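Please read all numbers here as calculations on a predicted model, not as lab measurements.
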Amino acid sequence: MRAIIDCNSFYSSCEKVFKPALKQKPIVVLSNNDGCIIARCDRAKKLGIDMATPFFQMRPLIEQEGVEVFSSNYNLYGDLSRRVMEILQQVVGASNVEVYSVDEAFLSLYHFDPEELTLLVRTLRATINQWTGIPVSIGVAPTKTLAKIANRIAKKNKKHTRGVYVLDSPDTIADALQRTAVKDVWGVGSRYADKLVNLGIHTAWDLRQLSEDWVRKHLGGVVGVRLLKELKGEEAVEMKDGLDKKKMIATTRMFGHTVTELKDIKEAIATYTTRAAEKLRRQGGAASLISVFLISQEKIDTTNFRHGPTVSSYTVLPQPTSNTAELITPAVRLAEALFQAGKKYKKAGVTLSGIVPDEMVQGDLFLQGRSLGRFLMEMVDNINFSMRDDTVKFAAAGTRRNWKMQQSYHSPRYTTRWNELFEISC
DNA sequence: TCTGGGGTCCTAGGACCC
DNA sequence: TCTGGGGTCCTAGGACCC
(Lines give C-alpha, C1' and ligand atoms only; values in the text may rest on other atoms or scores of the structure.)
Protein backbone atom coordinates (compact mmCIF):
# COMPACT_ATOMS: atom_id res chain seq x y z
CA MET A 1 0.00 0.00 0.00
CA ARG A 2 0.94 3.59 -0.62
CA ALA A 3 0.22 6.66 1.45
CA ILE A 4 0.30 10.34 0.64
CA ILE A 5 0.74 12.71 3.50
CA ASP A 6 -0.10 16.32 2.90
CA CYS A 7 0.34 19.27 5.25
CA ASN A 8 -2.92 21.20 5.51
CA SER A 9 -2.72 24.76 4.13
CA PHE A 10 1.00 24.39 4.73
CA TYR A 11 2.25 27.98 4.55
CA SER A 12 -0.67 29.25 6.61
CA SER A 13 -0.09 26.53 9.18
CA CYS A 14 3.60 27.49 9.46
CA GLU A 15 2.67 31.10 10.24
CA LYS A 16 0.14 29.97 12.82
CA VAL A 17 2.63 27.78 14.67
CA PHE A 18 4.41 30.91 15.89
CA LYS A 19 1.32 33.07 16.28
CA PRO A 20 -1.11 30.88 18.19
CA ALA A 21 -3.38 33.87 18.70
CA LEU A 22 -4.24 33.52 15.01
CA LYS A 23 -5.36 29.94 15.37
CA GLN A 24 -9.06 30.72 14.95
CA LYS A 25 -8.50 33.68 12.59
CA PRO A 26 -8.48 33.76 8.78
CA ILE A 27 -5.02 34.27 7.27
CA VAL A 28 -3.48 34.22 3.79
CA VAL A 29 0.07 34.00 2.45
CA LEU A 30 1.17 35.88 -0.67
CA SER A 31 3.48 34.87 -3.51
CA ASN A 32 6.80 36.59 -4.03
CA ASN A 33 6.35 40.27 -4.76
CA ASP A 34 3.10 40.11 -2.76
CA GLY A 35 1.38 39.43 -6.09
CA CYS A 36 -0.99 36.50 -5.65
CA ILE A 37 -2.59 34.60 -2.83
CA ILE A 38 -0.88 31.21 -2.66
CA ALA A 39 -2.11 29.82 0.65
CA ARG A 40 -5.24 30.27 2.73
CA CYS A 41 -6.23 28.64 5.97
CA ASP A 42 -9.68 27.00 6.16
CA ARG A 43 -11.29 30.09 7.61
CA ALA A 44 -9.99 32.25 4.78
CA LYS A 45 -11.22 29.70 2.23
CA LYS A 46 -14.69 29.91 3.75
CA LEU A 47 -14.74 33.67 3.18
CA GLY A 48 -14.46 32.97 -0.55
CA ILE A 49 -10.81 33.90 -0.97
CA ASP A 50 -9.62 31.88 -3.95
CA MET A 51 -6.25 30.33 -4.63
CA ALA A 52 -3.89 32.16 -6.97
CA THR A 53 -6.01 35.27 -7.25
CA PRO A 54 -4.25 38.64 -7.35
CA PHE A 55 -3.90 40.19 -3.92
CA PHE A 56 -5.16 43.61 -5.01
CA GLN A 57 -8.46 42.11 -6.21
CA MET A 58 -9.11 40.44 -2.87
CA ARG A 59 -7.89 43.34 -0.80
CA PRO A 60 -11.29 44.93 -0.04
CA LEU A 61 -12.65 41.61 1.22
CA ILE A 62 -9.46 40.90 3.18
CA GLU A 63 -9.59 44.27 4.95
CA GLN A 64 -13.29 44.08 5.61
CA GLU A 65 -13.01 40.64 7.19
CA GLY A 66 -9.81 41.39 9.12
CA VAL A 67 -7.83 38.66 7.39
CA GLU A 68 -4.17 38.59 8.49
CA VAL A 69 -1.74 38.80 5.55
CA PHE A 70 1.80 37.39 5.26
CA SER A 71 4.49 37.66 2.59
CA SER A 72 6.00 34.27 1.86
CA ASN A 73 8.76 33.26 4.28
CA TYR A 74 10.49 30.37 2.55
CA ASN A 75 13.19 30.06 5.22
CA LEU A 76 10.52 29.22 7.78
CA TYR A 77 8.49 26.90 5.55
CA GLY A 78 11.57 25.04 4.36
CA ASP A 79 12.74 24.40 7.89
CA LEU A 80 9.37 23.16 9.15
CA SER A 81 9.04 20.98 6.05
CA ARG A 82 12.39 19.35 6.82
CA ARG A 83 11.20 18.59 10.36
CA VAL A 84 8.00 16.93 9.13
CA MET A 85 9.93 14.81 6.62
CA GLU A 86 12.40 13.71 9.29
CA ILE A 87 9.57 12.36 11.42
CA LEU A 88 8.24 10.35 8.48
CA GLN A 89 11.70 8.92 7.85
CA GLN A 90 12.07 7.93 11.49
CA VAL A 91 8.72 6.14 11.58
CA VAL A 92 8.62 4.25 8.26
CA GLY A 93 12.31 4.23 7.30
CA ALA A 94 14.06 6.73 5.05
CA SER A 95 13.99 4.46 2.00
CA ASN A 96 10.20 4.30 2.15
CA VAL A 97 9.68 8.06 1.96
CA GLU A 98 9.53 10.01 -1.26
CA VAL A 99 9.51 13.74 -0.58
CA TYR A 100 7.23 14.94 -3.35
CA SER A 101 7.08 18.64 -2.60
CA VAL A 102 7.62 21.02 0.28
CA ASP A 103 4.35 19.92 1.90
CA GLU A 104 3.77 16.39 0.58
CA ALA A 105 5.41 12.99 0.77
CA PHE A 106 4.53 9.53 -0.52
CA LEU A 107 5.15 6.56 1.75
CA SER A 108 5.61 2.92 0.85
CA LEU A 109 3.89 0.77 3.50
CA TYR A 110 4.35 -2.78 2.22
CA HIS A 111 6.42 -3.74 5.23
CA PHE A 112 3.52 -3.06 7.62
CA ASP A 113 0.65 -5.37 8.47
CA PRO A 114 -2.35 -4.20 6.38
CA GLU A 115 -4.58 -4.60 9.43
CA GLU A 116 -2.58 -2.02 11.32
CA LEU A 117 -2.28 0.68 8.68
CA THR A 118 -5.08 2.83 10.03
CA LEU A 119 -3.57 2.84 13.50
CA LEU A 120 -0.12 3.53 12.08
CA VAL A 121 -1.14 6.59 10.08
CA ARG A 122 -3.27 7.94 12.92
CA THR A 123 -0.27 7.76 15.22
CA LEU A 124 1.91 9.37 12.57
CA ARG A 125 -0.52 12.24 12.20
CA ALA A 126 -0.68 12.84 15.95
CA THR A 127 3.11 12.71 16.30
CA ILE A 128 3.69 15.26 13.55
CA ASN A 129 1.15 17.59 15.08
CA GLN A 130 2.66 17.28 18.54
CA TRP A 131 6.28 17.70 17.48
CA THR A 132 5.92 20.43 14.86
CA GLY A 133 2.47 21.97 15.30
CA ILE A 134 1.62 21.25 11.66
CA PRO A 135 -1.71 19.50 10.92
CA VAL A 136 -1.61 16.89 8.14
CA SER A 137 -4.02 14.72 6.17
CA ILE A 138 -3.16 11.18 5.13
CA GLY A 139 -4.63 9.03 2.36
CA VAL A 140 -3.81 5.33 2.01
CA ALA A 141 -4.56 3.14 -1.05
CA PRO A 142 -3.00 0.60 -3.43
CA THR A 143 -1.59 3.22 -5.83
CA LYS A 144 -0.35 6.78 -5.63
CA THR A 145 -3.27 8.14 -7.66
CA LEU A 146 -5.82 6.38 -5.45
CA ALA A 147 -3.96 7.54 -2.34
CA LYS A 148 -4.30 11.09 -3.60
CA ILE A 149 -8.05 10.57 -3.90
CA ALA A 150 -8.19 9.12 -0.38
CA ASN A 151 -6.23 12.08 0.90
CA ARG A 152 -8.65 14.50 -0.66
CA ILE A 153 -11.57 12.81 1.06
CA ALA A 154 -9.70 12.85 4.37
CA LYS A 155 -9.12 16.58 4.03
CA LYS A 156 -12.60 17.49 2.84
CA ASN A 157 -14.33 15.66 5.70
CA LYS A 158 -12.03 16.31 8.61
CA LYS A 159 -14.72 15.93 11.22
CA HIS A 160 -15.69 12.53 10.01
CA THR A 161 -12.30 11.17 9.00
CA ARG A 162 -10.13 12.94 11.57
CA GLY A 163 -7.67 13.59 8.76
CA VAL A 164 -7.08 9.99 7.71
CA TYR A 165 -8.78 7.89 5.01
CA VAL A 166 -7.90 4.37 3.90
CA LEU A 167 -9.05 2.72 0.65
CA ASP A 168 -8.43 -0.96 1.21
CA SER A 169 -11.27 -2.77 -0.58
CA PRO A 170 -12.93 -2.70 -4.02
CA ASP A 171 -16.05 -1.24 -2.42
CA THR A 172 -14.36 1.66 -0.67
CA ILE A 173 -12.40 2.40 -3.86
CA ALA A 174 -15.51 2.41 -6.05
CA ASP A 175 -17.30 4.67 -3.59
CA ALA A 176 -14.38 7.10 -3.46
CA LEU A 177 -14.09 7.25 -7.25
CA GLN A 178 -17.79 7.99 -7.60
CA ARG A 179 -17.47 10.85 -5.13
CA THR A 180 -14.52 12.42 -6.94
CA ALA A 181 -14.97 14.84 -9.84
CA VAL A 182 -12.77 14.13 -12.80
CA LYS A 183 -11.03 17.51 -12.44
CA ASP A 184 -9.87 16.51 -8.97
CA VAL A 185 -7.97 13.45 -10.17
CA TRP A 186 -4.18 13.72 -9.91
CA GLY A 187 -2.91 14.04 -13.49
CA VAL A 188 -6.06 15.63 -14.91
CA GLY A 189 -5.46 19.34 -15.44
CA SER A 190 -7.94 21.92 -16.65
CA ARG A 191 -7.48 21.07 -20.34
CA TYR A 192 -8.21 17.39 -19.95
CA ALA A 193 -10.99 18.07 -17.45
CA ASP A 194 -12.85 20.29 -19.94
CA LYS A 195 -12.41 17.71 -22.66
CA LEU A 196 -13.71 14.89 -20.46
CA VAL A 197 -16.70 16.79 -19.10
CA ASN A 198 -17.73 17.74 -22.64
CA LEU A 199 -17.83 14.04 -23.44
CA GLY A 200 -20.04 13.33 -20.43
CA ILE A 201 -17.27 11.93 -18.25
CA HIS A 202 -17.83 13.58 -14.89
CA THR A 203 -16.34 11.43 -12.15
CA ALA A 204 -13.16 9.47 -11.56
CA TRP A 205 -15.36 6.39 -11.76
CA ASP A 206 -16.53 7.36 -15.28
CA LEU A 207 -12.92 7.91 -16.25
CA ARG A 208 -12.00 4.45 -15.03
CA GLN A 209 -14.52 2.86 -17.41
CA LEU A 210 -12.74 4.22 -20.52
CA SER A 211 -10.66 1.96 -22.72
CA GLU A 212 -6.90 2.01 -22.77
CA ASP A 213 -6.91 2.86 -26.48
CA TRP A 214 -9.14 5.84 -25.92
CA VAL A 215 -7.03 7.35 -23.15
CA ARG A 216 -3.87 6.65 -25.13
CA LYS A 217 -5.31 8.64 -27.98
CA HIS A 218 -6.90 11.50 -26.07
CA LEU A 219 -5.12 11.92 -22.73
CA GLY A 220 -1.48 12.30 -23.65
CA GLY A 221 -0.46 8.81 -24.78
CA VAL A 222 1.36 6.78 -22.18
CA VAL A 223 0.52 9.39 -19.55
CA GLY A 224 -3.18 8.63 -19.94
CA VAL A 225 -2.59 4.89 -19.87
CA ARG A 226 -0.66 5.17 -16.61
CA LEU A 227 -3.46 7.23 -15.10
CA LEU A 228 -6.07 4.63 -16.07
CA LYS A 229 -4.03 1.77 -14.63
CA GLU A 230 -3.54 3.64 -11.38
CA LEU A 231 -7.28 4.23 -11.04
CA LYS A 232 -7.81 0.50 -11.51
CA GLY A 233 -5.44 -0.22 -8.65
CA GLU A 234 -2.49 -1.26 -10.77
CA GLU A 235 0.72 0.55 -9.90
CA ALA A 236 2.05 2.57 -12.80
CA VAL A 237 3.71 5.48 -11.04
CA GLU A 238 6.69 4.16 -9.12
CA MET A 239 8.19 5.48 -5.90
CA LYS A 240 11.29 7.55 -6.57
CA ASP A 241 14.28 7.43 -4.31
CA GLY A 242 15.02 10.88 -3.01
CA LEU A 243 18.52 10.83 -4.40
CA ASP A 244 17.75 11.82 -7.94
CA LYS A 245 19.24 15.03 -9.16
CA LYS A 246 17.57 17.82 -11.03
CA LYS A 247 17.98 17.80 -14.78
CA MET A 248 17.24 21.47 -15.00
CA ILE A 249 17.73 24.25 -12.49
CA ALA A 250 15.98 27.57 -12.85
CA THR A 251 15.85 30.84 -10.96
CA THR A 252 13.24 33.25 -12.26
CA ARG A 253 11.56 36.23 -10.62
CA MET A 254 9.11 39.00 -11.26
CA PHE A 255 10.68 42.40 -10.66
CA GLY A 256 9.38 44.63 -7.87
CA HIS A 257 8.66 47.34 -10.47
CA THR A 258 9.01 47.36 -14.22
CA VAL A 259 12.65 47.74 -15.19
CA THR A 260 13.89 49.78 -18.14
CA GLU A 261 17.65 50.03 -17.53
CA LEU A 262 20.07 47.47 -18.93
CA LYS A 263 22.22 47.90 -15.84
CA ASP A 264 19.41 46.69 -13.59
CA ILE A 265 18.61 43.76 -15.86
CA LYS A 266 22.26 42.69 -15.78
CA GLU A 267 22.35 42.87 -11.99
CA ALA A 268 19.21 40.79 -11.71
CA ILE A 269 20.53 38.19 -14.15
CA ALA A 270 23.85 38.01 -12.28
CA THR A 271 21.97 37.52 -9.00
CA TYR A 272 19.70 34.79 -10.41
CA THR A 273 22.74 33.08 -11.91
CA THR A 274 24.37 33.13 -8.47
CA ARG A 275 21.30 31.46 -6.93
CA ALA A 276 21.04 28.87 -9.69
CA ALA A 277 24.76 28.05 -9.42
CA GLU A 278 24.37 27.51 -5.66
CA LYS A 279 21.58 25.02 -6.29
CA LEU A 280 23.75 23.35 -8.92
CA ARG A 281 26.73 22.95 -6.56
CA ARG A 282 24.49 21.66 -3.79
CA GLN A 283 23.66 18.65 -5.98
CA GLY A 284 27.27 18.26 -7.12
CA GLY A 285 26.45 19.13 -10.71
CA ALA A 286 27.99 21.10 -13.54
CA ALA A 287 25.91 22.70 -16.28
CA SER A 288 26.76 22.57 -19.96
CA LEU A 289 24.09 25.00 -21.14
CA ILE A 290 22.83 28.27 -19.75
CA SER A 291 19.77 30.13 -20.99
CA VAL A 292 18.32 33.51 -20.11
CA PHE A 293 14.87 34.94 -20.72
CA LEU A 294 13.27 38.36 -20.36
CA ILE A 295 9.57 39.15 -20.28
CA SER A 296 8.38 42.65 -21.11
CA GLN A 297 5.14 44.31 -20.17
CA GLU A 298 2.08 43.70 -22.27
CA LYS A 299 -0.46 46.41 -22.99
CA ILE A 300 -2.76 46.58 -20.00
CA ASP A 301 -5.73 44.30 -20.38
CA THR A 302 -7.64 44.06 -17.14
CA THR A 303 -9.95 41.20 -18.04
CA ASN A 304 -7.40 38.70 -19.28
CA PHE A 305 -4.06 38.61 -17.58
CA ARG A 306 -1.26 37.90 -19.97
CA HIS A 307 2.46 38.16 -19.78
CA GLY A 308 4.17 40.06 -22.53
CA PRO A 309 6.25 38.14 -25.04
CA THR A 310 9.15 36.08 -23.74
CA VAL A 311 12.49 36.49 -25.43
CA SER A 312 15.13 33.91 -24.66
CA SER A 313 18.49 32.74 -25.81
CA TYR A 314 21.12 30.25 -24.70
CA THR A 315 24.82 29.55 -24.76
CA VAL A 316 26.54 26.20 -24.84
CA LEU A 317 29.42 26.45 -22.39
CA PRO A 318 32.94 25.49 -23.52
CA GLN A 319 32.81 22.83 -20.86
CA PRO A 320 30.37 22.01 -18.05
CA THR A 321 30.90 24.17 -14.98
CA SER A 322 29.45 24.99 -11.57
CA ASN A 323 31.57 28.09 -11.07
CA THR A 324 29.43 31.19 -10.57
CA ALA A 325 31.97 33.43 -12.29
CA GLU A 326 32.07 31.22 -15.39
CA LEU A 327 28.28 31.27 -15.54
CA ILE A 328 27.70 34.98 -14.89
CA THR A 329 29.78 36.09 -17.87
CA PRO A 330 27.77 34.29 -20.57
CA ALA A 331 24.48 34.98 -18.75
CA VAL A 332 25.08 38.72 -18.70
CA ARG A 333 26.16 38.64 -22.33
CA LEU A 334 22.89 36.90 -23.24
CA ALA A 335 20.92 39.51 -21.30
CA GLU A 336 22.71 42.30 -23.19
CA ALA A 337 21.84 40.69 -26.50
CA LEU A 338 18.17 40.26 -25.58
CA PHE A 339 17.68 43.69 -24.05
CA GLN A 340 15.94 46.34 -26.12
CA ALA A 341 16.05 49.95 -25.02
CA GLY A 342 12.64 51.50 -24.49
CA LYS A 343 10.96 48.29 -23.35
CA LYS A 344 9.61 47.86 -19.86
CA TYR A 345 10.57 44.52 -18.36
CA LYS A 346 8.61 42.66 -15.68
CA LYS A 347 10.38 39.40 -15.23
CA ALA A 348 13.58 37.57 -16.02
CA GLY A 349 15.11 34.20 -15.41
CA VAL A 350 18.13 31.95 -15.76
CA THR A 351 18.00 28.22 -16.49
CA LEU A 352 20.89 25.78 -16.23
CA SER A 353 20.63 22.47 -18.07
CA GLY A 354 22.70 19.71 -19.57
CA ILE A 355 23.67 18.89 -16.01
CA VAL A 356 26.43 16.32 -15.44
CA PRO A 357 28.22 15.26 -12.24
CA ASP A 358 30.93 17.79 -11.49
CA GLU A 359 33.64 15.19 -10.83
CA MET A 360 33.16 13.73 -14.28
CA VAL A 361 34.01 16.94 -16.09
CA GLN A 362 37.12 16.42 -18.19
CA GLY A 363 40.05 18.70 -17.51
CA ASP A 364 40.99 20.97 -20.36
CA LEU A 365 44.55 22.00 -20.95
CA PHE A 366 43.45 25.39 -22.21
CA LEU A 367 41.03 26.23 -19.42
CA GLN A 368 43.27 26.85 -16.47
CA GLY A 369 42.60 27.22 -12.80
CA ARG A 370 39.58 24.97 -12.38
CA SER A 371 40.58 23.53 -9.05
CA LEU A 372 41.25 27.01 -7.74
CA GLY A 373 37.77 28.04 -8.90
CA ARG A 374 36.16 25.13 -7.12
CA PHE A 375 38.01 25.92 -3.94
CA LEU A 376 36.86 29.52 -4.14
CA MET A 377 33.22 28.56 -4.68
CA GLU A 378 33.35 26.20 -1.74
CA MET A 379 34.62 29.02 0.46
CA VAL A 380 31.92 31.40 -0.72
CA ASP A 381 29.19 28.79 -0.15
CA ASN A 382 30.47 28.06 3.34
CA ILE A 383 30.60 31.70 4.33
CA ASN A 384 27.17 32.46 2.90
CA PHE A 385 25.68 29.42 4.54
CA SER A 386 27.14 29.96 8.00
CA MET A 387 26.86 33.75 8.19
CA ARG A 388 23.82 34.72 6.22
CA ASP A 389 22.72 34.97 2.61
CA ASP A 390 24.99 36.98 0.35
CA THR A 391 27.70 37.96 2.82
CA VAL A 392 30.03 37.39 -0.11
CA LYS A 393 28.77 38.05 -3.58
CA PHE A 394 29.91 38.90 -7.08
CA ALA A 395 30.18 42.55 -8.03
CA ALA A 396 28.07 41.94 -11.13
CA ALA A 397 25.12 41.23 -8.87
CA GLY A 398 25.15 44.86 -7.80
CA THR A 399 24.18 46.51 -4.55
CA ARG A 400 21.31 48.80 -5.49
CA ARG A 401 18.78 46.19 -6.41
CA ASN A 402 16.23 48.48 -7.98
CA TRP A 403 14.54 45.41 -9.37
CA LYS A 404 14.16 43.53 -6.11
CA MET A 405 10.80 42.14 -5.18
CA GLN A 406 8.43 43.70 -2.69
CA GLN A 407 7.65 41.94 0.55
CA SER A 408 5.62 44.06 2.93
CA TYR A 409 4.23 41.47 5.32
CA HIS A 410 7.19 39.30 6.20
CA SER A 411 7.18 37.29 9.43
CA PRO A 412 10.47 36.54 11.29
CA ARG A 413 12.60 33.54 10.28
CA TYR A 414 11.98 32.07 13.73
CA THR A 415 13.89 28.84 13.31
CA THR A 416 16.83 29.69 11.07
CA ARG A 417 18.18 33.09 12.22
CA TRP A 418 19.56 33.77 15.68
CA ASN A 419 18.41 37.37 15.70
CA GLU A 420 14.88 36.44 14.71
CA LEU A 421 14.28 33.75 17.31
CA PHE A 422 10.85 33.38 18.79
CA GLU A 423 10.66 35.29 22.09
CA ILE A 424 8.68 34.42 25.17
CA SER A 425 8.21 37.04 27.84
CA CYS A 426 7.37 36.04 31.38
C1' DT B 1 4.42 6.62 -64.95
C1' DC B 2 7.40 5.57 -61.57
C1' DT B 3 10.92 8.29 -56.48
C1' DG B 4 12.83 3.46 -49.94
C1' DG B 5 12.97 2.26 -45.39
C1' DG B 6 14.79 2.26 -41.71
C1' DG B 7 17.22 4.65 -37.77
C1' DT B 8 18.95 8.54 -34.20
C1' DC B 9 19.17 12.95 -32.13
C1' DC B 10 17.51 17.34 -31.08
C1' DT B 11 14.21 21.11 -30.06
C1' DA B 12 9.86 23.31 -29.30
C1' DG B 13 5.88 23.13 -27.17
C1' DG B 14 2.05 21.08 -24.60
C1' DA B 15 0.33 19.15 -20.55
C1' DC B 16 0.74 18.30 -15.93
C1' DC B 17 2.29 18.87 -10.74
C1' DC B 18 2.78 21.73 -6.19
C1' DT C 1 -1.35 50.37 -10.45
C1' DC C 2 -0.86 45.84 -8.69
C1' DT C 3 -1.28 38.74 -11.42
C1' DG C 4 4.60 33.17 -8.41
C1' DG C 5 8.38 30.11 -8.99
C1' DG C 6 9.76 26.29 -9.50
C1' DG C 7 9.83 21.47 -11.79
C1' DT C 8 8.72 16.81 -14.83
C1' DC C 9 7.49 13.99 -18.74
C1' DC C 10 5.96 13.27 -23.34
C1' DT C 11 5.18 13.94 -28.41
C1' DA C 12 5.68 15.76 -32.95
C1' DG C 13 8.47 17.01 -36.36
C1' DG C 14 12.78 18.38 -38.54
C1' DA C 15 17.57 17.31 -39.64
C1' DC C 16 20.53 14.03 -40.55
C1' DC C 17 22.52 9.22 -41.40
C1' DC C 18 23.11 4.90 -44.25
Side-chain angles (χ1 to χ4, degrees), chain A residues 4-11 28-39 50-60 62 71-72 74 77-78 81 98-106 144-145 148 151-152 183-196 215-227 236-238 240 244-258 272 275-276 279 283 288-289 291 293 295 297-308 310 312-314 316 344 346-355 405-408:
Chain A
I4 176 83
I5 161 153
D6 181 316
C7 302
N8 299 341
S9 314
F10 182 54
Y11 296 171
V28 298
V29 179
L30 305 179
S31 64
N32 271 338
N33 233 6
D34 294 342
C36 284
I37 290 160
I38 53 166
D50 291 330
M51 186 69 170
T53 47
F55 177 43
F56 73 91
Q57 281 176 7
M58 284 288 155
R59 203 162 188 157
I62 282 172
S71 299
S72 33
Y74 292 111
Y77 313 150
S81 169
E98 176 195 336
V99 177
Y100 180 65
S101 72
V102 69
D103 68 332
E104 282 182 48
F106 286 104
K144 284 182 167 180
T145 306
K148 277 278 199 178
N151 182 279
R152 197 167 168 282
K183 73 170 169 52
D184 295 321
V185 175
W186 189 50
V188 177
S190 61
R191 296 295 178 94
Y192 288 168
D194 288 349
K195 197 166 173 177
L196 289 165
V215 297
R216 188 190 303 280
K217 201 160 175 201
H218 296 102
L219 293 183
V222 299
V223 181
V225 175
R226 273 205 298 255
L227 174 58
V237 183
E238 299 294 318
K240 280 190 205 142
D244 64 355
K245 315 263 168 117
K246 305 263 187 278
K247 297 168 184 170
M248 182 197 107
I249 290 171
T251 300
T252 71
R253 296 276 184 283
M254 300 280 298
F255 299 132
H257 312 278
T258 55
Y272 302 165
R275 279 289 98 74
K279 296 184 205 171
Q283 72 170 43
S288 44
L289 193 141
S291 70
F293 72 82
I295 297 180
Q297 192 173 35
E298 183 85 324
K299 282 173 232 41
I300 302 300
D301 172 352
T302 46
T303 51
N304 285 314
F305 168 71
R306 292 210 313 280
H307 278 308
T310 305
S312 71
S313 185
Y314 66 89
V316 177
K344 293 179 172 176
K346 297 174 56 177
K347 182 174 180 173
V350 174
T351 305
L352 303 175
S353 53
I355 295 173
M405 64 192 177
Q406 312 274 307
Q407 293 212 301
S408 310

Partner of C:dC16 by Watson-Crick or G-U wobble geometry, both contacts under 3.5 Å, or none? B:dG7
Within the 4.0 Å heavy-atom criterion, would you say A:Phe55 contacts the bases, only the backbone, or no part of the nucleic acid? nothing
Once the angle between the rings of A:Phe106 and A:Trp186 is folded into 0 to 90°, is it parallel (under 30°), tilted (30 to 60°) or perpendicular (over 60°)? tilted
Sugar-phosphate only, base, or nothing, as touched by A:Val222 at under 4.0 Å among non-hydrogen atoms: sugar-phosphate
Please classify the nucleic acid contact of A:Val185 as base, sugar-phosphate, or nothing, using heavy-atom distances under 4.0 Å. sugar-phosphate
Over all strands shown, is A:Lys148 touching base, sugar-phosphate only, or nothing at heavy-atom distances under 4.0 angstrom? sugar-phosphate
Can you tell which of C:dT3, C:dG6, C:dT8 lies closest to the side chain of A:Arg253? C:dG6
What's the CZ-C1' distance between A:Arg152 and B:dC18, to the nearest Å? 15 Å
Counting the atoms with a prime plus P, OP1 and OP2 as sugar-phosphate, which does A:Asp34 contact under 4.0 Å by heavy atoms, base, sugar-phosphate, or nothing? nothing
Please measure how far the P atom in B:dT3 lies from the corresponding atom in C:dC18, and state the result in whole Å. 25 Å
Separation of C:dG4 P from A:Lys346 NZ (nearest whole Å): 7 Å
Roughly how far, to the nearest 0.5 Å, is the NZ atom of A:Lys144 from the CD atom of A:Glu98? 3.5 Å
What integer distance in Å separates A:Asn33:CG from C:dC2:C1'? 9 Å
Rounded to whole angstrom units, what separation is found between the OH atom of A:Tyr100 and the C1' atom of B:dC16? 8 Å
Most 5' of A:Arg226 and A:Thr53 on DNA chain C, judged by nearest nucleotide: A:Thr53
Determine the contact category for A:Lys279: base if any of its heavy atoms lies under 4.0 Å from a base atom, sugar-phosphate if only primed atoms, P, OP1 or OP2 are that close, otherwise nothing. sugar-phosphate
What is the separation between atom NZ on A:Lys247 and atom C1' on B:dC17, rounded to the nearest whole Å? 15 Å
Roughly, in whole Å, what's the span from CH2 in A:Trp186 to P in C:dC9? 12 Å
Give the nucleotide from the list B:dA15, B:dT11, C:dG4 with an atom nearest to the side chain of A:Met254. C:dG4
Do A:Leu30 and A:Ile37 have side chains that get closer than 4.5 Å, going by heavy atoms? yes
Could you check A:Thr258 against A:Asn32 and say which one's nearest nucleotide on DNA chain C is further toward the 5' end? A:Thr258
To the nearest angstrom, the CD1-P distance between A:Ile5 and B:dC18 comes to 16 Å
Rounded at 0.5 Å granularity, tell me how far CD1 in A:Ile355 sits from NZ in A:Lys279. 10.5 Å
What's the closest nucleotide to the A:Lys347 side chain, out of C:dG5, C:dG7, B:dC16? C:dG5
Given B:dA15, C:dT3, B:dT11, which nucleotide is nearest the side-chain atoms of A:Tyr314? B:dT11
Of all the nucleotides listed (C:dG7, B:dC16, C:dT3), which has the minimum atom distance to the side chain of A:Pro54? C:dT3
Assign A:Ile249 to base, sugar-phosphate, or nothing according to its heavy-atom contacts below 4.0 angstrom with the strands shown. sugar-phosphate
